[in-house]
Amino acid sequence: MAYTSSLHLSKHLLLPKAHRGRHPSSRSPSFVPAARVNGAPHVNGQASKSPNGKVQINGGDGKKSGAVNGHGKKVPPGVLNGKTHHVNGGHDRIHLSVSTGPGGQDGTGLRVAYQGAPGAYSEFAAKTALPGCETVPCRAFADALAAVDRGVVDRAILPVESTMEGTALRNYDLLLRHDLVVAQEINLFVHYCLLAMPGVRAAEVRRVISHPMALAHCGRALARLGVDRQPVEDTAGAVEMLRSNMMLDTAAIASPRAADLYGLDVLAHGLQDESWNVTRFLLLSRPPSPVELPADADAKTSMVVAHRGGSMAVVLKVLSAFSSRGINMSKLEIINNEGAGGAGELRPPVMILDTGARGAPTLRSFPHVLYVDCEGAADDPLVRDAIKEIEKFAVFVRILGCYAADTNVYDLQ
């Protein structure tokens, strides 16, 4: 199953695939197991024995052959390190050799800021993209970006969209306020687990804590458990709270690696309601981009196009600029913040830092914005001509980054 950001058709549009010489990126995403983190023998530390009280939230009899979403049909298991793993029928995932991350750079010597506590999915993504990097936890996404601005770290990693939430994370808006560039992308399969203090059985759990989005992603499973839900700042932070307060009537939704880090039992695997749960992350750095792309690399260019009126006309012109040159677009998101939103509330304009302004960079506001990802490098003659055409009718265009296109979906199982 291919993952693209065009799943939410009300916001995204994907042009038909063409095959141009330098950018043959039409291959389907493949699943790659993530690299080891902090020397752990297994990335997720999945136990070979089931702890007491383990429940099969999404079906299955607890045997290695497993079942899919309660239908009771056995499926061929995926095998990794001699063990079988299942996440809501994830038998279609292909496990390949361990990757060192997109671009072949292991990130040794780099410091990468992420939002959350150790064991957060953002830290997983950073370590998968740059296995040799040092990760730096931050309280908020804005803190991670500020750390890059100040030179305290080399990169920041942000989740920007997911197959379940679209771009509801709204971290693109945060990116636009900073003079940073996209250096790398990575798609991570998010596997939710129910974690509890050692010895606690599922029947003893009265409350589940986690990030609000994780709670929403596991809504049906939690309803079957009949537990109360309490949102906290992030998934790994929920585990940290669980452990530090010795909460015996509470479980947390987080990653299997968080169970390893904090010494907790895994009561259930694959807690998410939808089996296909992939999040796209972007690694950001100060300009210019520190990543040099080989001449034959599959490249992707991200940009923001701002305008003040005639939304549909601008969209059609942007589509024409790329399609007339045979350039594929992998993302087109339309933001219209002019006028009242739901319940009569005024929607604020999108704030974009104009890094090309005379003197100091200046924040500018726009009611209409397009987020665009296209195949090809920004210095490719065809891509460059398309951007020049867009600049003729758009009020403002800013290139957010040019980086290696990574179609893999990295599986932490």
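Throughout, numbering of the chain's residues begins at 1 and tracks the sequence. If you're wondering where the values come from, they're calculated on a predicted model, not measured in any experiment.
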What I'd like to find out is whether the side chain of [X] reaches to under 4.5 Å of the side chain of [Y], using heavy atoms alone.
X: L363; Y: I352; answer: no
X: R155; Y: C133; answer: no
X: H368; Y: I334; answer: no
X: F366; Y: P349; answer: no
X: L319; Y: M329; answer: yes
X: V136; Y: Y114; answer: no
X: E391; Y: F396; answer: no
X: L175; Y: V160; answer: no

Using atom types as modelled and distance alone, determine if a side-chain donor or acceptor of [X] lies under 3.5 Å from a backbone N or O of [Y].
X: S210; Y: V208; answer: no
X: D373; Y: S330; answer: no
X: T301; Y: G376; answer: yes
X: N245; Y: M247; answer: no
X: S255; Y: G119; answer: yes
X: D406; Y: N408; answer: yes
X: R398; Y: T355; answer: no
X: S244; Y: E240; answer: yes
X: Y403; Y: L283; answer: no

So S122 and Q115, side chain to side chain donor-acceptor pair (under 3.5 Å) or not? Walk me through it.
CA-CA 7 Å; S122 292; Q115 185 275 331; 5.4 Å; no
Please determine if [X] and [Y] form a salt bridge, counting it only when a charged side-chain N lies under 4.0 Å from a carboxylate O.
X: K127; Y: D106; answer: no
X: E375; Y: K300; answer: no
X: E389; Y: K317; answer: no
X: R207; Y: D228; answer: no

Could you go through the salt bridge (Lys or Arg N to Asp or Glu O under 4.0 Å) check for R364 and D354 one step at a time?
CA-CA 7 Å; R364 301 175 62 183; D354 185 354; 3.2 Å; yes
Run the ring-centre check on Y192 versus Y121 and record whether the distance is less than 6.0 Å.
yes
Taking all atoms of both residues into account, what is the closest heavy-atom pair of [X] and [Y], and its distance?
X: H191; Y: P256; value: CD2-CG, 3.6 Å
X: R286; Y: V148; value: NH1-O, 2.7 Å
X: V112; Y: A126; value: CG1-CB, 3.9 Å
X: A299; Y: L293; value: CB-CD1, 3.8 Å
X: T250; Y: L242; value: O-CD1, 3.1 Å

Any chance CZ of R139 has more than 12 other-residue heavy atoms, nucleotides or ligands included, within less than 6.0 Å?
no
Once rounded to the nearest 0.5 Å, what's the spacing between atom [atom1] of [X] and atom [atom2] of [Y]?
X: M197; Y: Y262; atom1: CE; atom2: OH; answer: 13.0 Å
X: L271; Y: L222; atom1: CG; atom2: CG; answer: 5.5 Å
X: C374; Y: L332; atom1: SG; atom2: CG; answer: 11.5 Å
X: W276; Y: S162; atom1: CH2; atom2: OG; answer: 12.5 Å
X: I157; Y: L284; atom1: CD1; atom2: CG; answer: 8.5 Å
X: I399; Y: S289; atom1: CD1; atom2: OG; answer: 13.0 Å

Strictly by modelled atom types, are D273 and H217 linked by a side-chain donor-acceptor pair under 3.5 Å?
no
Can you confirm whether the side chains of D234 and H211 place a donor and an acceptor under 3.5 Å from each other?
no
Please assess R150 against D143 for the test salt bridge (Lys or Arg N to Asp or Glu O under 4.0 Å), listing each intermediate value before the final yes or no.
CA-CA 10 Å; R150 298 195 308 269; D143 296 333; over 6 Å; no
